[in-house]
Amino acid sequence: MAAGKWRTGPGRALRPRTGLRWRARVATASLRPLPDFVIIGAMRAGTTSLYEYLNAEPRIRPAERKEIHYFDLQRHRPVEWYRAHFPLALPWRKRRWLAGEATPYLLFDPTAPERVTAALPSSSRFVALLRDPVERAFSHWRGAVRLGVEPLSLAEAAAAEPGRLEAARLAAKGQDPHTLKEFRHMTYLARGEYVEQLERWIAAAGRSRLLIVQSERLFREPAAVVREVVQWLGASPRASDDATFTVFNPGHEEHMPEDTRQLLARHFAPFNERLYALLGTRYDWTAPAE
């Protein structure tokens, strides 16, 4: 994908929000729109790639960085801080573009749907990417190992997950446990139990404001999926499909042990069945061996 002037990268999230440029953005926050759309998750499901692909579209302008985390880690900030991340929309000119952001933790955080829908206009829309939860868990675990926060094998970590999360809840002592390391980095199973997460978002936002995209389809045919997402958002997609689509934030080639794959498949099977019933469709995801 050709890098346009609006393209941002995940590394931007690490830059401090200081200096004259940032103060100028905050000072002009009232001239900056709240997002027309938010990519809410899931983690390790292609959110960075979709966000970058959308940023190259002529009618879409992204936030100043990916993963603003205003509705979870930065919820104590004023709304002006959030608005400062978006492009200027001069009041004397008709806005012909859409503003958007991507914070993949929002799908998983159980308190996020109510906060997000209360703060954003009723016209705002939400995109959820769903990846085979077995593959998503494996990718998530590999990332945690690379970060140095996970010393266990995936099978061991999956077995330890319920105890870890319960211990984190008890240790939170009034703090939201979803801000803690265990929930942010060690939820290999919980994040792939999509059905309850989507039910919360549907209850808060309504089904018509939520677009659900199967990640595997984005990986196979990105141009077609991006075109459909742009049209669903109410914008005009690029006239041609001559862009190249690079996978952003890719995983590393590594094979999951078959016994671990089957362990995860058995865990996710009942959640997947409930998800298929909710969506009225089935995905070709990993099923446990008979």
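Below, each value reflects all heavy atoms present in this structure, side chains not excepted, and no hydrogens, waters or symmetry copies.
No option in Val229, Thr47, Val225 other than Val225 meets the side chain to side chain contact (heavy atoms under 4.5 Å, CB included) test with Leu218. A salt bridge (charged side-chain N to carboxylate O under 4.0 Å, His left out) with Glu150 is found for exactly one of Arg164, Arg142, Lys181, namely Arg164.
For the 3.5 Å distance criterion, the side chains of Glu101 and Thr103 qualify, holding a donor opposite an acceptor. Using modelled atom types and a 3.5 Å distance limit, the side chains of Gln197 and Glu193 yield no donor-acceptor pair. There is a side-chain donor-acceptor pair under 3.5 Å between Ser139 and Arg44. A donor-acceptor contact closer than 3.5 angstrom links the side chains of Thr179 and Gln175. Of the N and O atoms on the side chains of Ser49 and Glu52, not one donor lies less than 3.5 Å from an acceptor on the other residue. Between the side chains of Gln214 and Asp284, at least one donor-acceptor pair of N or O atoms lies under 3.5 Å.
Between Leu54 and Ile39 the shortest side-chain heavy-atom distance falls below 4.5 Å.
By the neighbour-count criterion of 12 heavy atoms within 6.0 Å, atom CZ of Arg96 is sparsely surrounded, having that number or fewer from other residues, nucleotides or ligands.
To the nearest 0.5 Å, atom CG of residue Leu98 and atom CD of residue Glu57 are 11.0 Å apart.
Trp81 and Trp22 have perpendicular rings, their planes meeting at more than 60° on a 0 to 90° scale where under 30° would count as parallel. Relative ring orientation between Phe126 and Trp201 is described as tilted, the plane-to-plane angle lying within the 30° to 60° band.
By the ring pair (Phe, Tyr, Trp, His ring centres under 6.0 Å) test, Tyr82 is found to be paired with Tyr70, Phe71, Phe86, residues two or more places apart in sequence or in another chain being considered.
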